[in-house]
Student: 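This structure is in structure tokens; I'll ask about it shortly.
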Number of protein chains: 2
Amino acid sequence: MATLNDVAQRANVSKMTVSRTINHPEQVRPELRSAISQVMRDLNYQPNAAARALVSRCTRVIKLTIFEDMDTTEPYYMMLLAGIANELNRHQYALQLATRNSYEVGECDGYILTGIRDEDYAWVKQLQQPVVFFGRNLKGYDYVDTDNYQAIRDSTMYALHRGYTRLIFIGIAADKPFELDREQGFRELMAEKHLPAEVVRLANHGHVATKYIDEHWATMTPNTAFICASDRLAIGIEDGILLHGGRVPEDFGVIGFDGMLLNQVASKRLTTMKQPLEAMGQAAAKLLLTKINQPQPEQTKVIVKSKLSIAESTR
Amino acid sequence: MATLNDVAQRANVSKMTVSRTINHPEQVRPELRSAISQVMRDLNYQPNAAARALVSRCTRVIKLTIFEDMDTTEPYYMMLLAGIANELNRHQYALQLATRNSYEVGECDGYILTGIRDEDYAWVKQLQQPVVFFGRNLKGYDYVDTDNYQAIRDSTMYALHRGYTRLIFIGIAADKPFELDREQGFRELMAEKHLPAEVVRLANHGHVATKYIDEHWATMTPNTAFICASDRLAIGIEDGILLHGGRVPEDFGVIGFDGMLLNQVASKRLTTMKQPLEAMGQAAAKLLLTKINQPQPEQTKVIVKSKLSIAESTR
DNA sequence: CTGTTAGCGCCTTCAC
DNA sequence: GTGAAGGCGCTAACAG
């Protein structure tokens, strides 16, 4: 691998002039600059990242630490990764992936954290570098999230507008902030409309939702819409309805949440509240880079809007 | 951040002795060694990776470069990531994620490559560091893959054993090696059994498969099993059958391929050929680390066995 | 504008 | 066993 010195010798200048053509080109005479650039190309010169990191005290590495077990991880993380990776790339930062088991390996200039549990905050607290969370947190750290509350309000409102008169919220049986926000969005809108808020909480699996419909089919009345907290649940609900001969979307509407890949497997294309995960990844990366360059004193919250993607499971 | 020097001063020894307690502990007197270890702990000393990389010429970073567009990427990459990340972690290597757009950012000791197209091989060829492919390649590079051919043979054999007499292979409409291998596995086994090989190729979406069933329902006869090249297709096929009142698994069997998350959304739990993605990730990482430590002259192929996960969509 | 000096934190080599 | 010197590749600070 060619070094700064190799380039300097070939171009008959000192190392510093070469270094400057890279980092402060305006300080170098144009002729020299282009000559040096040519030599760099000839030698396929790539600056040594380690040497740079050593002297500049910054690694140009951002770590994404996923605290959840990856095997329970929603597939949509891939889109998040894509958003983060692309934004970092634009600024010549590398993305490093860490898990609960590997968070200490290697150095970085900043962290994006997701899936964190209470017991992990001690570790977060002692980090020297800036931190951005993916998903809301209540400890005062910066974060990027969707407005889960508003998203469910929008879904619910849409269902009402389409003329469904009975609404059932199918939530995820977990005490996570995102789930509570979604539930609250549903309850409050229903209260405002003076309608009863029927809320069910299920494990986040399609067949659990199907079973729920199965067991409660007798009580199901046409003109009902199911506002679901995930696409998996929505697909399970839809399957259950169809198996009992119910008509979707004429008599029963189904609205999902997430909108990544799973809705491609539904027999009807699912109406779903689409989380802009790639945009969220990008936003997280952007926020972190900003913080690295100019530390912000107070908490920054970036809320990205979800958008209803209307398809065949609602009329 | 504490440096080697800080530790040395506090322990009243030279930097070298500290360095040795880390890298060659057997060369340091036990008393000294434990005293120094204590100081390192007190100061929370972490060796500076950049400085180390600079002098040792190795970064302890492995890059996973995903050449596919991430937004078309199967969710199962997450499991692959998990397998790679955990294995690397055990050896104190960091995993860096790169895409088609960011493959030049930062240095590393080796590459794991996936989703590569013909035009990318020029870039691969000029890499200085060892390379392992995820997925078969015909250019002589080391790789880790499942035996797609054998996996489909096994699926097909299983369907026959369960007494389904007519088999239809639902393939993915793409000229990828993995798809061709799967198709071939089906064709050859059927030929051996003197049965007609019905092969259909569809875009890899559930609703496309459902539509296929819809349009061909008249020609479908009981005692048919569908050997599908993906879980998405399998779920779509199953949906189609159920919508037409067909009985799964009594009259129609459905076998998928991949077995990651998608099968959790099916109304019946899907029988599927489960790719051990985490194990494959681990194998890729292991192979790469081996190559880094002792370069191998000839091509190494690691074939990981897929295993049929039997559930409710076959009798 | 360009070159010289010095040092980032660590490890290899060679003395002691 | 342990320490002192030197250098990995790069850049900030100062000189010219």
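Protein chains get the first letters and strands the later ones, always in sequence-line order, with residue 1 at the start of each.
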Student: Starting the side chain at C-beta, find the nucleotide from dT12(C), dC10(D), dT5(C) nearest to T3(A).
Tutor: dC10(D)

Student: Could you give the CG-to-P distance, from L32(A) to dC1(C), as a whole number of Å?
Tutor: 11 Å

Student: How are the rings of Y111(A) and W123(A) set relative to one another: parallel (under 30°), tilted (30 to 60°) or perpendicular (over 60°)?
Tutor: perpendicular

Student: Write down the distance between CG (L43(A)) and C1' (dG9(D)), rounded to a whole number of angstrom.
Tutor: 15 Å

Student: Is T17(B) close enough to dG3(D) that one of its side-chain N or O atoms is under 4.0 Å from OP1 or OP2 there?
Tutor: yes

Student: Between R60(B) (side chain only) and H91(B) (backbone N and O only), is there a donor and an acceptor less than 3.5 Å apart?
Tutor: yes

Student: Round to a whole Å and report the spacing from CD of Q27(A) to C1' of dT11(D).
Tutor: 12 Å

Student: Considering just the side-chain nitrogens and oxygens of N48(B), establish if one lies under 4.0 Å of OP1 or OP2 belonging to dC10(C).
Tutor: no

Student: Rounded off to whole Å, could you give me the CG-to-P distance for the N23(B) and dC10(C) pair?
Tutor: 10 Å

Student: Any sub-3.5 Å donor-acceptor pair from E179(B)'s side-chain atoms to I172(B)'s backbone N or O?
Tutor: yes

Student: Within the structure, does a side-chain N or O atom of N5(B) lie under 4.0 Å from either OP1 or OP2 of dG9(C)?
Tutor: no

Student: Roughly, in whole Å, what's the span from NZ in K15(B) to P in dG6(D)?
Tutor: 13 Å

Student: Which of these nucleotides, dT12(C), dG6(D), dT11(D), is closest to any side-chain atom of M16(B)?
Tutor: dT12(C)

Student: Rounded to the Å, how far apart are Q9(A) CD and dG9(D) P?
Tutor: 12 Å

Student: Using whole Å, what does the distance between atom P of nucleotide dC11(C) and atom CG of L54(A) come to?
Tutor: 12 Å

Student: With nearest nucleotide decided by heavy atoms, which residue, E26(B) or A50(A), maps closer to the 5′ end of DNA chain D?
Tutor: E26(B)

Student: Can you tell me if the side-chain N/O atoms of R57(A) get under 4.0 Å from OP1 or OP2 in dT11(D)?
Tutor: no

Student: Are D258(B) and Q275(B) close enough that a side-chain donor and a side-chain acceptor fall under 3.5 Å?
Tutor: yes

Student: dG3(D) base to R20(B) side chain: any donor-acceptor pair below 3.5 Å?
Tutor: yes

Student: Would you find a donor on one side and an acceptor on the other, under 3.5 Å apart, between the side chain of Q296(A) and the backbone of Q294(A)?
Tutor: yes

Student: Need to verify one output field. Residue with the more 5' nearest nucleotide on DNA chain D, V55(A) or A51(B)?
Tutor: A51(B)

Student: Quickly work out the I22(B) CD1 to dC11(C) C1' distance and round it to whole Å.
Tutor: 11 Å

Student: Closest approach to the side chain of R29(A), judged atom by atom: which nucleotide of dC1(C), dT11(D), dT2(D) is it?
Tutor: dC1(C)

